Asker: 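One structure follows; several queries about it will come next.
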Amino acid sequence: MTVHDRWQVFRGESTEEKDLMFTVKRSSMIQLKTKLHVFLATNPKENVCDFKVEGSWLERSCIIYSGESNTILAQMHKKHNVESVFLGKDKFMVTVYPNVVYAFVVALIAILDGINHDYDE
């Protein structure tokens, strides 16, 4: 059990341990910018993260790294256009690097969105 927020991603509709794909948790309790550690199900000890996410959801800017390295797997940044400036509609772009599973990146962005909406309510 940990005091950090934790999210688990499972295959399909299952919540069984055998269908756990990965776990996401905050790297620390107090954060000015988002920093998440991602642990694959094959890494139950969680000594070293398999991926990390750093950035700012409010700025719609974040980077997904491979483990503790500086190897970038995907980047999200705010898209500036007439709609976003005048109508206040946020849009963002995501660049996914080669050999990275898009569904994995989308799942991490969905978790980031969920974290952001938890604080809005």
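Not measured: the values here are computed from a predicted model. For the numbers below, each heavy atom of this structure counts, side chains included, while hydrogens, waters and symmetry mates do not.
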Asker: Checking Thr15 now: which residues fulfil side chain to side chain donor-acceptor pair (under 3.5 Å) with it, not counting sequence neighbours?
Answerer: none
Asker: Glu46: what forms a salt bridge (Lys or Arg N to Asp or Glu O under 4.0 Å) with it, not counting sequence neighbours?
Answerer: Arg6, Lys25
Asker: Say whether Ile64 and Val106 are linked into one hydrophobic cluster, either directly or through other cluster members, by side-chain heavy-atom distances under 4.5 angstrom.
Answerer: no
Asker: Tell me whether Asp19 contacts the main-chain N or O of Arg11 through its side chain, where contact means a donor paired with an acceptor under 3.5 Å.
Answerer: no
Asker: Could you report the tightest heavy-atom contact between Pro44 and Ala41, atom names first, then the distance?
Answerer: CD-O, 3.8 Å
Asker: Please check this pair: side chain of Asn43 against backbone of Val48, looking for a donor-acceptor N/O pair closer than 3.5 Å.
Answerer: yes
Asker: Could you measure the distance from the CG atom of Leu112 to the CG atom of Leu36? Nearest 0.5 Å is fine.
Answerer: 5.5 Å
Asker: Using residues 68-76 as the side-chain source, report each donor-acceptor pair under 3.5 Å to any protein atom, sequence neighbours left out, with the distance given to one decimal.
Answerer:
unit_1 : atom_1 : unit_2 : atom_2 : d
Ser69  : OG     : Ser66  : O      : 2.6
Ser69  : OG     : Thr71  : N      : 3.1
Ser69  : OG     : Thr71  : OG1    : 3.3
Gln75  : NE2    : Tyr97  : OH     : 2.5

Asker: Just so I know, are the side chains of Ile63 and Val53 near enough to count as touching, which here means a heavy-atom distance under 4.5 Å?
Answerer: no
Asker: According to ring pair (Phe, Tyr, Trp, His ring centres under 6.0 Å), who are the partners of Phe104, at least two apart in sequence or on a separate chain?
Answerer: Phe22, Phe51
Asker: Going by the rule side-chain contact (heavy atoms from CB on, under 4.5 Å), which residues pair with Glu13 if we only count those two or more places apart in sequence or in a different chain?
Answerer: none
Asker: Can you check side chain to side chain contact (heavy atoms under 4.5 Å, CB included) on Leu108 and Val9, steps first, answer last?
Answerer: CA-CA 10 Å; Leu108 291 177; Val9 177; over 6 Å; no
Asker: Write down the atom of Cys49, the atom of Lys52, and the distance for their closest heavy-atom approach.
Answerer: SG-CB, 4.2 Å
Asker: Quick one: name the residues clustered hydrophobically with Leu20, using the 4.5 Å side-chain heavy-atom rule over I, L, V, M, F, W, Y, and just say none if it's on its own.
Answerer: Phe10
Asker: What verdict does the side chain to side chain contact (heavy atoms under 4.5 Å, CB included) test give for Arg26 and Trp7, after you've listed the backbone C-alpha separation in whole Å, the side-chain angles of each residue and the deciding distance to 0.1 Å?
Answerer: CA-CA 9 Å; Arg26 291 183 199 276; Trp7 298 266; 4.2 Å; yes
Asker: Any chain of hydrophobic side-chain contacts (each under 4.5 Å) joining Ile111 to Val101?
Answerer: yes
